[in-house]
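Keep in mind the model is a prediction, meaning the values are calculated, not measured.
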Amino acid sequence: MTIRSIFESFNRTLTCLTGFLLLSAANLAAQQGNNDAVNANIIYHFTKYINWPPEKKSKNFVIGIVGETGLYDELKNTTAGKMAGNQNIVIRRYKASAKIFDCQILFITDEEGGDLKKLVVATTGNPILIVTESEGLAKQGSCINFVIADDHLKLEINKTNIEKRNLNIASDLLKLGVVVK
């Protein structure tokens, strides 16, 4: 074995362990009802497992939220002083009626999930990862959907929707979720 292959093997193991710990913490917190903190942590980690095109890797890395939720404050706390690559992370609120969503990740609350189709159309052609939290939305245009099943947080991942937005998802993240079409 070469040093490189040992390093790559260690890196894969570390990545899998990180994912396991991330979902274990998510499941524990979901059972305890602290979804905003868990969701904020997972959304922050998406910055490491999704690759945006070069034009989205300058200026600030913006995580947008549509709807009223405690997730806004949790994301501000979770990302304070952290970077996405070499970009500062900024959290912004958007109204569902906004004309422009200048962000890399757009989280749509459960209450605003009914506007998903309109938001998908409004962001078509833009490399924006759409994240939701309502049953079945990954099949309706969301890229990643948080659902609680049997008191456990599950990630529904629609790889086709991700690729349509000119984004690439790491295989390690795909392994942590349920791929839907």
Subject >> Atom pair NZ/CG of Lys175 and Leu155 - distance to nearest 0.5 Å >> reply: 15.0 Å

**OP:** Find out whether Leu153 and Val38 are in side-chain contact, i.e. whether some heavy atom of one side chain is under 4.5 Å from a heavy atom of the other.
**Re:** yes

Subject >> For Leu137 against Glu156, the heavy-atom pair lying closest together >> reply: N-OE1, 4.5 Å

Original post:
Is the shortest heavy-atom distance from the side chain of Ile105 to the side chain of Thr47 under 4.5 Å?
Top reply: yes

Original post:
What about Ile162 and Phe107, same hydrophobic cluster or not, with Ile/Leu/Val/Met/Phe/Trp/Tyr joined at side-chain heavy-atom distances under 4.5 Å?
Top reply: yes

Subject >> Pairwise distance CD1(Ile144) to CG(Leu129) - rounded to 0.5 angstrom >> reply: 4.5 Å

Original post:
Roughly how far apart are Asn60 CG and Cys103 SG, rounded to 0.5 Å?
Top reply: 12.5 Å

**OP:** Identify the heavy atoms of Leu106 and Ile65 that sit nearest to each other, and give their distance.
**Re:** CD1-N, 4.3 Å

Subject >> side-chain contact (heavy atoms from CB on, under 4.5 Å) evaluation trace for Thr109 with Leu71 >> reply: CA-CA 9 Å; Thr109 64; Leu71 180 62; over 6 Å; no

Subject >> Heavy-atom closest contact (Leu116 atom, Ser142 atom, distance) >> reply: CD2-N, 3.9 Å

Subject >> ILVMFWY cluster, Val131 and Ile63 together (side-chain gap under 4.5 Å) >> reply: yes

Original post:
Should Ile50 and Phe146 be counted in the same cluster of Ile, Leu, Val, Met, Phe, Trp and Tyr side chains packed under 4.5 Å apart?
Top reply: yes

**OP:** Evaluate the side-chain contact (heavy atoms from CB on, under 4.5 Å) criterion for residues Val62 and Asp102: first the C-alpha distance (whole Å), next the side-chain angles of each, then the deciding distance (0.1 Å), finally the verdict.
**Re:** CA-CA 7 Å; Val62 179; Asp102 187 20; 5.8 Å; no

Original post:
Would you say Thr78 and His45 make side-chain contact, with heavy atoms under 4.5 Å?
Top reply: no

Original post:
Does Ser134 offer a backbone N or O that forms a donor-acceptor pair with the side chain of Asn145 under 3.5 Å?
Top reply: yes

Original post:
Would you say the side chain of Asn161 lies within less than 4.5 Å of the side chain of Gln140, judging by non-hydrogen atoms?
Top reply: no

Subject >> Minimum heavy-atom distance Arg165-Ile128, with the two atoms named >> reply: CD-O, 3.0 Å

Subject >> Ile130 vs Leu119, side-chain contact (heavy atoms from CB on, under 4.5 Å): CA-CA, chis, key distance, verdict >> reply: CA-CA 9 Å; Ile130 296 179; Leu119 292 165; 5.5 Å; no

**OP:** Report yes if some heavy atom in the side chain of Val179 is under 4.5 Å from a heavy atom in the side chain of Leu174; otherwise report no.
**Re:** yes

Original post:
So which heavy atom on Met83 is nearest to which on Tyr44, and how close?
Top reply: O-OH, 4.0 Å

Subject >> Enclosure of Lys118 NZ (heavy-atom neighbours >12, cutoff 6.0 Å) >> reply: yes

**OP:** On the 0 to 90° scale, with breaks at 30° and 60°, tag the Tyr94-Phe101 ring pair as parallel, tilted or perpendicular.
**Re:** tilted

Subject >> Glu111 side-chain N/O to Thr69 backbone N/O, donor-acceptor pair under 3.5 Å >> reply: no

**OP:** Applying side-chain contact (heavy atoms from CB on, under 4.5 Å), run through Asn39 and Glu74 and close with a yes or a no.
**Re:** CA-CA 9 Å; Asn39 290 354; Glu74 287 292 342; over 6 Å; no

Original post:
Got a donor-acceptor contact below 3.5 angstrom from the Glu133 side chain to the Asp110 backbone?
Top reply: yes

Original post:
Does a sphere of radius 6.0 Å around NZ in Lys82 hold more than 12 heavy atoms from other residues, nucleotides or ligands, not counting ones at 6.0 Å or beyond?
Top reply: yes

Original post:
Would you find more than 12 non-hydrogen atoms of other residues, nucleotides or ligands less than 6.0 Å from Lys57 atom NZ?
Top reply: yes

Original post:
Between Val180, Val178, Ile169, which is the residue that forms a side chain to side chain contact (heavy atoms under 4.5 Å, CB included) with Ile157?
Top reply: Ile169

**OP:** First locate atom CG of Asn168, then atom CH2 of Trp52, and finally report the distance between them rounded to the nearest 0.5 Å.
**Re:** 10.5 Å

Subject >> Minimum heavy-atom distance Pro53-Leu167, with the two atoms named >> reply: CD-CD2, 4.1 Å

Subject >> Within-4.5 Å side-chain heavy-atom neighbours: Phe46 and Leu173 >> reply: yes

Original post:
Are any non-hydrogen side-chain atoms of Phe61 and Thr79 less than 4.5 angstrom apart?
Top reply: no

